[in-house]
Amino acid sequence: MTFAKLTATAHYAPEQVVTNDDLSQIMETSDEWIASRTGIRQRHIVQDENTSDLAANVAQQLLEKASLAAEDLDFIIVATVSPDGNMPSTASLVQAKIGAIKAFAFDLTAACSGFVYALSVADKLIASGAYRNGIVIGAEVLSKIVDWSDRSTSVLFGDGAGGVLLQASSDTPLILAESLKSDGNRGMSLTSNLTHANSPFSKSESEDDLFLKMDGRAIFDFAVRDVPKNILESLEKAELNPDDIDYLLLHQANSRILDKMARKIKTERCKFLQNMQEYGNTSAASIPILLSEAVDAGTIKLGSSQKLVLTGFGGGLTWGTLVVKI
């Protein structure tokens with residue numbers, strides 16, 4: 001049988017750092033106000049880069065780490081809610097930038113669950129036996145879709161990208177269990193780029209709403225209510241309990257959410273890796289950035305058979321967990 005093996009990780013963030021104190025110069029807020037409510041101290045913000053630039057940087061790093069030629073890639077998947085544009089896809093732009101002339105490429109939109117969804121799809125593509133090498137990237141330039149006059153949302157988000165290289169292997173499955181969920185009935189609690197009929201023949205009088213908008217309380221309650229159940233459901237499918245897991249890498253939205261998650265699934269808080277204090281909420285990029293940093297630090301070792309929980313949750317509403325063996 002053919003399985004996907006995770007052989008390399010990489011991440012990239014724009015050089016420009018915007019601290020909470022920097023934000024206090026342009027809006028009514030403070031470091032204490034932001035950090036005490038979210039755990040966020042700073043975020044990286046682009047100056048002249050776009051989403052495909054960040055993603056291409058990650059893709060190039062992955063190829064170099066694996067000593068793999070771009071021509072050997074079979075597919076590129078980019079999870080994002082802040083693409084360069086609707087078309088061409090950001091993944092197609094990455095394909096062009098790195099010269100992966102044989103790879104098919106597409107974007108996947110599942111907000112902060114995007115990387116988890118995309119990794120699940122990529123795993124199945126390789127397990128089919130039809131493809132041997134694929135890149136999965138979460139990349140966001142959220143600074144271009146937030147309303148910088150709205151302190152309730154603009155202070156939360158940052159820009160960045162992270163990704164993984166998957167290669168065909170006959171070893172063991174990468175994903176031991178998974179559970180992916182959606183609930184469109186609650187979808188309007190987190191939105192961006194809402195557009196309406198607009199032609200000489202349409203009757204719509206609604207105005208487009210392009211900025212990111214969030215009902216913070218509704219999203220917080222959703223995260224702490226539905227997501228722990230999803231993690232426990234996935235662990236049960238894998239016939240594991242929380243004590244069997246080395247680390248949990250959850251979407252980096254709010255440190256208080258992680259605190260509550262640890263209590264709800266009854267495991268040590270130190271197993272929940274965290275970096276939102278440096279990056280803020282980078283949506284689909286948050287989990288792969290966290291994973292890449294942990295690999296660079298030696299906390300997570302590729303090929304070590306460590307067991308990880310990867311969990312995303314956000315717009316859609318979407319949420320999902322992968323139990324993986326690295």
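Residue numbers count from 1 along this sequence.
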- Nearest heavy-atom approach of Val78 to Ala139 is CG1-CB, 4.4 Å
- Item | Side-chain donor/acceptor of Asn241 to backbone N/O of Leu235, under 3.5 Å | no
- Item | Intermediate values then yes/no, side chain to side chain donor-acceptor pair (under 3.5 Å), Thr153 and Asp150 | CA-CA 6 Å; Thr153 55; Asp150 177 12; 3.1 Å; yes
- Indicate whether any N or O donor in one side chain lies under 3.5 Å from an N or O acceptor in the other, for Ser120 and Asp123. no
- Going by atom types alone, do Ser149 and Asp147 pair a side-chain donor with an acceptor below 3.5 Å? yes
- Query: Any donor and acceptor pair, going by atom type alone, linking the side chain of Ser92 with main-chain N or O of Pro88 inside 3.5 Å?
  - Reply: no
Sequence neighbours left out, cut at 3.5 Å: what donor-acceptor pairs do the side chains of residues 59-72 make with other protein atoms?
residue: Gln61; atom: NE2; partner: His11; partner atom: O; Å: 3.0
residue: Gln61; atom: NE2; partner: Asn57; partner atom: OD1; Å: 2.8
residue: Lys65; atom: NZ; partner: Thr9; partner atom: O; Å: 2.7

- Query: Side chains of Tyr279 and Glu293: do they bring a donor and an acceptor to under 3.5 Å?
  - Reply: yes
- Could you please spell out the steps behind the side chain to side chain contact (heavy atoms under 4.5 Å, CB included) verdict for Leu23 and Arg43? CA-CA 10 Å; Leu23 291 180; Arg43 70 284 299 141; 3.6 Å; yes
- Backbone N/O of Leu142 and side chain of Asp159: donor-acceptor pair under 3.5 Å: yes
- Note on the structure: For Lys102, the salt bridge (charged side-chain N to carboxylate O under 4.0 Å, His left out) test, sequence neighbours excluded, returns none
- Does one side chain, of Glu49 or Tyr12, offer a donor that lies under 3.5 Å from an acceptor on the other? yes
- Message: Please tell me whether Glu140 and Thr80 have a donor and an acceptor in their side chains that are separated by less than 3.5 angstrom.
- Response: yes
- Task: Indicate the atoms forming the closest heavy-atom contact of Cys112 with Asn281, along with that distance.
- Result: SG-OD1, 4.3 Å
